[in-house]
Amino acid sequence: MTYLSFSADWLTGGVRGLPRLSSWALSRRSRRLLWCLSLVHLSPAHLIIVALLPVMGLGSMAQAARLDDELLARDRTHQMPDLRPYPAGNKRKVAFFELMIPLVVAENQRIAEQRDWLLAMRKRAGDGGRDYSEREQERLNGLCDQANLPCDVTREDIGVSWTRLLLRIDTLPLDMVLVQAIEESGWGTSGHAREANNLFGMRCFSRGCGIGPPGREYRRFESLEAGIAAYFDNLNSQRSYAELRELRGRLRNAGQPVRAEDLIPTLSAYSTRGNAYFTTLYDLLRWNRGLMRTVRERLAANGALS
C-alpha cells in the first residue's frame, strides 16, 4: 500500500536542500485540505500523528511534521539484505538489480528535480527577476552545501557562478552506478555492503568511523539510500572527479547523451588499479547491460520506479 505522507517533505517533494514548511507557511484552508488528504490512506505512523495532534496544541504542526518525517523515513529506507543465499549467476544478479535499480533511479530523480529548480532560478535571474525570498535563499544555501561550494546567497546574488553549481547538481548514468556497485561490493555480498550499507567501497580514516581495520575503515550508513546519496555526493562534489563533471557538462551542453562509457575513464581517483579498473567496469557493462535493461523494464511496468 502507498501511504499519502502528511509531512513537510511531502509538500516540498522530499528534496534535500529545501527547508521544511512550518505551520505559519500554510493558510488555514490549506492546512484543513491537507489534513483531509492525509486521511485517505494512513499508515500506523500517520495514525500516531493524528492521535497526537489534538494534545500537541496550536502551533505544533511543524513538530508533527518532523515526527511524521522521522517515522516515514524508517518505513521507506532499506537495509542491505544478505544475497549470499542466492546462487552466483542470474538469480543473484536479478535480486541485486531489483533491489538497486529503484533506489538509484529515485536518487537520480531527486537530483533532477533539484537541477530543474536551479535552472528555473538561473533563468529568472537572467531575466532580471532576482530578489530571492528567504525560503529560496535557504534552499540555494542548502544546495551549495550539498555541492561543497562556498556560496554566499543574498536576496540579489548566489555568490558563485550558476555554471559551477549546476555542474555539481546533476545525475549519473544508471548503468555506471550499477557496475561500480557490483565491482565494489561483490554483487552486494561484501562485509561492508551487508554490515554498513556501503556498496561503493567508500572509506573513512578516523578511528571508529566505520567498519574494518583502524585507519582504513569502510564508512557505515544508516540505509542503502544514505550510502547511494553519499556516492552521488562524492562524484558530484569532490575535486578528484572534476574531470567527470566537466565532461558531463560538455555533453549536456552539446545535447548529447551522458553515457557510462564516456564517464568511466574519468574515475581514475576511485581505484589504484588504473586501466585494469576501467576494463573491469567495461566488461561488467557488456556482460550485464541486457539484464539491467530487462529488469528495469519489468520494474517500470509494475510501477516500481514511479
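- Residue E222 places its CD atom among 12 or fewer non-hydrogen atoms of other residues, nucleotides or ligands, all under 6.0 Å distant.
- At least one side-chain heavy atom of I169 sits under 4.5 Å from a side-chain heavy atom of I111.
- Other residues, nucleotides and ligands contribute more than 12 heavy atoms inside 6.0 Å of the CZ atom of F278.
- By the neighbour-count criterion of 12 heavy atoms within 6.0 Å, atom CG of N275 is sparsely surrounded, having that number or fewer from other residues, nucleotides or ligands.
- Side chains of Y277 and I264 form no contact here, defined as non-hydrogen atoms less than 4.5 Å apart.
- Using modelled atom types and a 3.5 Å distance limit, the side chains of R273 and T280 yield a donor-acceptor pair.
- Under the 3.5 Å distance criterion, with hydrogens and angles disregarded, a donor-acceptor pair is assigned to the side chains of R203 and Y218.
- Cluster membership for I211 and F200, using ILVMFWY side-chain heavy atoms within less than 4.5 angstrom, is not shared.
- A salt bridge between R245 and D170 is absent, with no side-chain N of the basic residue lying under 4.0 Å from a carboxylate O of the acidic one.
- For the residue pair Y270/E184, the side-chain donor-acceptor check at 3.5 Å is not satisfied.
- Linking Ile, Leu, Val, Met, Phe, Trp and Tyr whenever their side-chain heavy atoms come within less than 4.5 Å leaves L167 and M121 in two separate clusters.
- Side-chain contact check for W117 versus L140: some heavy-atom pair is nearer than 4.5 Å.
- Judged as a disulfide (SG to SG under 2.5 Å), the pairs with a partner in residues 184-285 (not counting sequence neighbours) are, in order, C204-C209.
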